[in-house]
Amino acid sequence: MADVVIIGAGAVGCAAAYELAKYKLSVVVVDKESDVCEGTTKANSAIVHAGFDAEPGTLKARLNVRGSEMMEELSNKLDFAYKRNEAMVLCFDKDISGLEALKEKADKNGVKGVSIISGDEARALEPNLTDEVQAALLAKTSAIVCPFEMTLAFAENAYTNGAEFKLSCAVTGIDKDSGGYIVHTSKGDIKARCVINAAGVYADRIHAMVSGTPLKITPRKGEYMLMDKTAGGYVSRTIFQLPTKMGKGILVTPTVHGNLLAGPTAENIDDKENTSTTKQGLADVKAKGSLSVKNIPFNKVITSFTGLRAVGDRGDFIIEECSDAPLFFDAAGIESPGLTSAPAIGEYLRELIEKRIPLEKKEKIAETRKGITHFAALSEEEQDKLIKETPAYGKIVCRCETVTEGEILDAISRPLGATTLDGVKRRTRAGMGRCQAGFCSPTSMALIAKKLGIRIEDVRKNGVYESEVR
Ligand SMILES: Cc1cc2nc3c(=O)[nH]c(=O)nc-3n(C[C@H](O)[C@H](O)[C@H](O)COP(=O)(O)OP(=O)(O)OC[C@H]3O[C@@H](n4cnc5c(N)ncnc54)[C@H](O)[C@@H]3O)c2cc1C
């Protein structure tokens, strides 16, 4: 029997696994997809929110601020990309009461480094802001992160510390049992003492498998446009907007890897799988983005994508033990700032479990994790040395992002390694660049096939192989 089964290998499930794997517990993470980070965690703004937006007194506010405080140290320990780039919230009106309300929330939430500046001061910091900007809230602790690397880092460290990952493994039902739960999956039953429901937009369906209490998750679509790295320096801070007559604002931000991102829209939908982009949505991104930043180089868009927020029905994160299902814990309604809050949610879930089951720390755990060596980030001397040691680092596979064969082989062979093109892309950035994998896909596919001992026809962009490879 597993002590804890975590349903969902997104940022929240993996952060919970990272936290719980430090204890003498058998932890099993299951996900219906063939890789970690296949849900909402792979498609969002990637902002480590400072915490000025969440309603004071909510779980969201508390975990946002705690997550933001934890993130820099975690990025060093677990080796994922993170940059404190600051943020601004722009006001286009002479009346700045909206900004003052945000500042008050920031103070109540305990967010440090927040101030209100004039439009001219904002333009002095960010010369591409429009002349319409009247004032701005400046948040010094806001940051950007790589959501894939962060989630993979939690997962790999949890795996190294003993957590088991069952991927391509969909939970189809859950029965209560004398000792806890029987989790029925597409790969057989798992007995569990405790269950954590971190199933993102599907958390309501998982909840309903054990509980009669109401919980509804509404998917809220957010569409984006991602621009080439040549546009990455157009703004250096994350630029938010106060809501305007045109509706809820959209942001313009550099990404941690140096691209420029504009979005997201906000539209409630019914379909939990609808990640399409639309002409109207992208037009909205353009129109609203242009209110903040002049002449955004939309001619440098290299891709567009959609993420689905898991909007709960209580206006706050729902992280609790179900009243009618002992030791079944929901981590539901984890919309933004869920990425920021993920490490704090992991910690909070551990505290909830600890109140019910005595937990004992393992004597020895891996505290750190080393990520993939990114060849392009090395100095020339370091590159030469690496190529001498491992010649595969001398072969460039992805020209747009300068990703080498050595990095791709590492991505496939490391713990919880990539088995698909998207898996390689998220771990190494091969295929993330301007040509969007047009050039590197055949080589990446050949490397995956060779390393996994499968036919090249069986290599998938994402999803499950015809032949079982794990
Ligand atoms: C448009 C947008 C912008 C955002 N911007 C930010 C931001 O800038 N900063 C921030 O902090 N947050 C942001 N967020 C929020 C953040 O992305 C999410 O809160 C976070 O990724 C949620 O992680 P999760 O692990 O709960 O869900 P997911 O990543 O969706 O993981 C859930 C997992 O459960 C699995 N699953 C579902 N059903 C089953 C089943 N039956 N069996 C097995 N597995 C199952 C899925 O496959 C999935 O992998 C944004 C979200 C969106 C959509």
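In each ligand, atom 1 is the first atom listed, and ligand 1 is the first ligand listed. Computed from a predicted structure; not experimentally measured.
- Where the criterion is an N or O separation shorter than 3.5 Å, residue side chain and backbone included, Asn44 meets it with respect to ligand 1.
- Nearest to atom 49 (O) of ligand 1 among the protein's heavy atoms is Asp31 OD2, 2.6 Å.
- In this structure, the ring of His257 has its center no less than 6.0 angstrom from the ring center of Phe148.
- The ligand atoms of ligand 1 that sit less than 4.0 angstrom from a heavy atom of Gly8 are 33 (C), 34 (O), 35 (C).
- Every atom of ligand 1 with a heavy atom of His49 under 4.0 Å away is listed here by number and element: 7 (C), 8 (O), 9 (N), 10 (C), 11 (O).
- Nearest to atom 30 (O) of ligand 1 by heavy atom, out of Ile7, Val145, Thr40, Val29, is Thr40.
- Residue Val48 places every heavy atom at 4.0 Å or more from ligand 1.
- In this structure, Cys169 has a heavy atom closer than 4.0 Å to ligand 1.
- Residues that satisfy the side chain to side chain donor-acceptor pair (under 3.5 Å) test with Asp204, not counting sequence neighbours, are Lys272.
- Nearest heavy atom pair, residue Ile296 against residue Tyr234, reads CA-CE2, 3.9 Å.
- When each atom of ligand 1 is checked for a heavy atom of Leu308 under 4.0 Å away, the hits are 53 (C).
- Looking at Val12, Thr253, Thr265 and measuring to atom 24 (P) of ligand 1, the nearest heavy atom belongs to Val12.
- When all heavy atoms of Asp271 and Pro219 are compared, the closest pair comes out as O-CG, 4.1 Å.
- Lys103 meets the salt bridge (charged side-chain N to carboxylate O under 4.0 Å, His left out) test with Asp107; sequence neighbours excluded.
- For atom 38 (N) of ligand 1, the nearest protein heavy atom (residue, atom name, distance) is Tyr202 CB, 3.5 Å.
- Looking at atom 1 (C) of ligand 1, its nearest protein heavy atom turns out to be Tyr224 OH, 3.3 Å.
- In terms of N/O distances under 3.5 Å, ligand 1 is not approached by Pro264.
- The two residues Ile239 and Ser292 have their closest heavy-atom pair at CG2-CB, 3.9 Å.
- Remark: Glu38 engages Arg426 in a salt bridge, criterion side-chain N to carboxylate O under 4.0 Å.
- No hydrogens or angles considered: a donor-acceptor pair under 3.5 Å links the side chains of Asn85 and Thr238.
- At the top of the distance list for atom 8 (O) of ligand 1, counting protein heavy atoms only, stands Ile47 N, 3.0 Å.
- Counting protein heavy atoms only, atom 31 (O) of ligand 1 is closest to Gly10 CA, 3.6 Å.
- Ring-plane geometry between Phe154 and Tyr18 is classed as tilted, the angle between the planes lying from 30 to 60 degrees on a 0 to 90 degree scale.
- Looking at Lys32, Glu38, Lys272 and measuring to atom 45 (C) of ligand 1, the nearest heavy atom belongs to Lys32.
- Atom 40 (C) of ligand 1 has as its closest protein heavy atom Val171 N, 3.7 Å.
- The protein atom (non-hydrogen) at minimum distance from atom 52 (C) of ligand 1 is Arg309 CG, 3.5 Å.
- A salt bridge links Glu320 with Arg314: the distance from a Lys NZ or Arg NE/NH1/NH2 to an Asp or Glu carboxylate oxygen falls below 4.0 Å.
- A donor and an acceptor atom, one from each side chain of Asp422 and Thr420, are nowhere located under 3.5 Å apart.
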